[in-house]
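First the structure, in the form of structure tokens, and then the observations on it.
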Amino acid sequence: MIVEQIWTGNAYRNFNYLIVCPESGEALAIDPLAHELCLATAKARGWTVTQVLNTHEHHDHTGGNAAMVAATGARVLAHANARNAIPGLDRGLAAGDLIKVGRTVELEVLDTPGHTMSHVCLRSHTDIPALFCGDTLFNAGAGNCHHGGHPAELYATFANQLARLPDNTLVYPGHDYIANNLGFTLDREPDNARAAVLLADVKTQDPAAALVSTMALEKEINTFFRLHSPSVIRRLREAFPDLPEQPDPRTVFLKLRELRNNW
Ligand SMILES: [Zn+2]
Ligand SMILES: [Zn+2]
């Protein structure tokens, strides 16, 4: 499996992706808003885009669909419940569905509500697994729930699905927000040395050659996986004095999500 991460350079800081079968050159384009860039990359490498996958229905993820389909005839795939929100949907997806790309690539659909209620992530069946997580999980952060989502569902997705992925899973999010998110991590957990070192590194990084994190790294630097950290809980109590002595992880997650909304 070849993964091409495409930095759009737009104001939303989107990443688009091409997932390619190295034997056949067939490609699946994830959220190809920058359709011209995706098509130019495919052409230069001799790849053929046969499928478009939207992680969810927001325009900064679906806005390139029509042009991609017009140029390639690709089939459009997204969560089955996004049928009314995404024109031209060819294949509605549900948890456990398998998406094949060419002869060698197999991707498993995860149903991951929270950012919106019809959001999918893809997990590759490869020796080193990869997760394409749209706006559910960001490097050092979590998606917001302002436009059709629910924080409690997002917590359930994090706790029951994402946190259980193998530590070596590569994380490919829908936006480059890492520097800002690490700032939030350090605001919530000032003694997180790993986050401080990483922030110094990524502040000057070229998003076109971005760090690819792993679930192991996310568990160290992403506040939304650090729900048992004593210093996270101690800091949270400063903002929410009524917080119990041993708050449950769901409560911690929801309070963190609330604080992040105004940070
Ligand atoms: Zn979104
Ligand atoms: Zn987005």
Side-chain angles (χ1 to χ4, degrees), residues 3-19 28-38 52-68 76-89 92-93 95 109-123 130-158 161-162 171-184 202 207-208 210-213 218 222 224 253 256-258 260-263:
V3 176
E4 186 78 14
Q5 183 178 54
I6 296 172
W7 165 240
T8 61
N10 69 13
Y12 306 111
R13 309 190 67 79
N14 291 92
F15 284 128
N16 298 170
Y17 295 93
L18 296 174
I19 302 177
L28 173 143
I30 297 182
D31 295 339
L33 178 67
H35 51 91
E36 287 177 345
L37 211 49
C38 292
V52 168
L53 179 289
N54 293 136
T55 56
H56 63 294
E57 69 272 31
H58 287 159
H59 183 76
D60 62 309
H61 297 256
T62 61
N65 284 11
M68 285 298 279
V76 176
L77 292 69
H79 196 293
N81 293 347
R83 203 172 281 284
N84 292 331
I86 300 178
L89 184 61
L93 301 169
V109 175
L110 308 181
D111 186 354
T112 52
H115 173 67
T116 75
M117 297 309 287
S118 25
H119 192 299
V120 294
C121 296
L122 301 181
R123 181 175 71 157
L131 178 73
F132 301 91
C133 40
D135 288 2
T136 297
L137 168 65
F138 296 123
N139 294 134
N144 70 50
C145 305
H146 303 319
H147 304 287
H150 289 294
E153 301 282 350
L154 189 63
Y155 167 70
T157 290
F158 267 64
Q161 299 193 68
L162 303 183
V171 175
Y172 292 104
H175 294 263
D176 172 45
Y177 294 154
I178 188 167
N180 205 24
N181 284 339
L182 284 169
F184 183 68
V202 300
L211 167 91
V212 176
S213 83
E218 292 300 327
N222 190 323
F224 295 93
F253 184 99
L256 289 169
R257 187 54 264 174
E258 187 182 330
R260 184 64 177 81
N261 292 341
N262 301 309
W263 185 78

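In this chain, numbering begins with 1 at the start of the sequence shown. Just follow the structure's listing: the first ligand is 1, and inside any ligand the first atom is 1. The analysis underlying the following values was restricted to heavy atoms, covering all of them including side chains, and did not include hydrogens, waters or symmetry mates.
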Metal site the Zn ion (ligand 1), protein N/O/S atoms found under 2.8 Å: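 Counting protein N, O and S atoms closer than 2.8 Å to the Zn ion (ligand 1) gives 4.
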Applying side chain to side chain contact (heavy atoms under 4.5 Å, CB included), can you list everything that pairs with N180, at least two apart in sequence or on another chain?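 With sequence neighbours excluded, N180 shows a side chain to side chain contact (heavy atoms under 4.5 Å, CB included) to R260, W263, given in chain and number order.
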On the 0 to 90° scale, with breaks at 30° and 60°, tag the Y17-F132 ring pair as parallel, tilted or perpendicular.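 Plane angle over 60°, so perpendicular.
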For the residue pair H58 and H147, categorise the inter-ring angle as parallel (less than 30°), tilted (30 to 60°) or perpendicular (more than 60°).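 Answer is perpendicular, since the angle exceeds 60°.
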I'd like to know if the side chain of T116 pairs up with that of E57 as donor and acceptor (distance under 3.5 Å, no hydrogens or angles considered).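 Distance-only check passes for T116 and E57.
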Taking atom types as modelled, is there a side-chain donor on H115 or T136 under 3.5 Å from an acceptor on the other?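 No, because no side-chain N or O of H115 sits under 3.5 Å from a partner of the opposite role on T136.
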Quick check on E258: does its CD atom have over 12 non-hydrogen neighbours (other residues, nucleotides or ligands) under 6.0 Å away?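 Check passes, neighbour count above 12.
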